[in-house]
Amino acid sequence: MANSTAICTSFKVDLLQAYHNFGTTVTRGGTGADTFKAALYLTTGSIGAGTTAYSATNEVSGANYSAGGVSVTNATAPTSSGTTAYWTPSASIVYSTVTLSTAFDTVLIYNSTNSNHSVLSYNFGSTTVTAGTLTLTMPSNAAGTALINLA
Amino acid sequence: MKVFTIKGPMELDLLSVRDVVTICDNTRKVASEFYLDGELVRRDVAVSMLMPPNILASEGALNGQ
């Protein structure tokens, strides 16, 4: 096996576990897993790649929905397969018995432990919920299909 | 069997139920709508995320080559 140029796969997994800090501002206060939350946004919002942190602007509101959204179940640590590091929430994200009458289309997953910094947004198309349950079923936790892939 | 609605718990037999399936490029959505005499009294939505956002971590070249 010859030498090669590559981003080390272990580094990709390490990124998902905060092993490295290339900056000068250390913001981490502990070694445990952070708490991640999932907030919903109206179709009139502009959540996306440029979103740096959770904001209540354009967040949905309605019966049984709390600002900031719900916690994300994180029982499975990041891992890798081949050269892809990946992570997926270990359970569906569920908003129970909510009424969200104004059309919304996006969920923002963010780090509520670390200054609400954003992780990813996912636009699933415009929808509403009436006295019902919104269930966001996660993709299979595998390389290429996981919610976060560092390929 | 009773289900919760905007009018409180109601017998499921009194309601008509319609499932609306929508598939777009990255999502499959199933909306289950419950109607009482034509009025929407409950709507559940199940979203399946089909295509995750990918992040490509690529190495750079030395000397800008």
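Proteins come first, then strands; the chains are lettered A, B, ... in the order of their sequence lines, and each starts at number 1.
Under the 4.5 Å side-chain contact rule for hydrophobic residues, B/Leu36 and B/Phe4 do not share a cluster. Follow the hydrophobic side-chain contacts under 4.5 Å out from A/Val98 and you reach A/Val72 in the same cluster. By the criterion of side-chain heavy atoms lying less than 4.5 angstrom apart, applied directly or through intervening Ile, Leu, Val, Met, Phe, Trp or Tyr residues, A/Val94 is not grouped with A/Phe104; the two fall into different hydrophobic clusters. Both B/Val41 and B/Val3 are part of a single hydrophobic cluster, where members link through side-chain heavy atoms under 4.5 Å apart. Cluster annotation: B/Leu50 is not connected to A/Tyr86 through the hydrophobic network of ILVMFWY side chains, with a link wherever side-chain heavy atoms come within less than 4.5 Å.
Screening A/Ile93, A/Leu147, A/Thr145, A/Thr88 for a side chain to side chain contact (heavy atoms under 4.5 Å, CB included) involving B/Met49 leaves a single residue, A/Leu147.
Summarising the geometry of B/Thr5 relative to A/Ala131, their closest heavy-atom pair is C-CB, 3.8 Å, with the distance given to 0.1 Å.
Contact check for B/Arg42 versus A/Thr133: side-chain heavy atoms found under the 4.5 Å cut-off. Here the side chains of B/Glu33 and A/Thr130 are not in contact, with every heavy-atom distance at 4.5 Å or above. Residues A/Phe124 and B/Val45 are not in side-chain contact: their nearest non-hydrogen atoms beyond the backbone lie 4.5 Å or more apart.
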Residues A/Thr135, B/Val47; criterion side chain to side chain contact (heavy atoms under 4.5 Å, CB included); working and verdict: CA-CA 6 Å; A/Thr135 304; B/Val47 174; over 6 Å; no
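Annotation: the span from A/Ser101 atom OG to B/Ile6 atom CD1 amounts to 9.0 Å, rounded to 0.5 Å. To the nearest 0.5 Å, atoms CG (B/Leu40) and OG1 (A/Thr128) are separated by 7.5 Å.
For A/Val107, the part lying near chain B is the side chain, with the backbone staying farther off; criterion is any non-hydrogen pair under 4.5 Å.
Side-chain atoms of B/Arg43 and A/Thr127 form a donor-acceptor pair, as typed in the model, at a separation below 3.5 Å.
Enclosure of atom CG in B/Asp19 by more than 12 non-hydrogen atoms of other residues, nucleotides or ligands within 6.0 angstrom is indicated.
B/Asn26 contributes a side-chain N or O that, together with a main-chain N or O of A/Asn123, makes up a donor-acceptor pair within less than 3.5 Å.
Note on residues 67-83 of chain A: pairs passing side-chain hydrogen bond (donor to acceptor under 3.5 Å, both in side chains), not counting sequence neighbours, are A/Asn74-A/Trp87.
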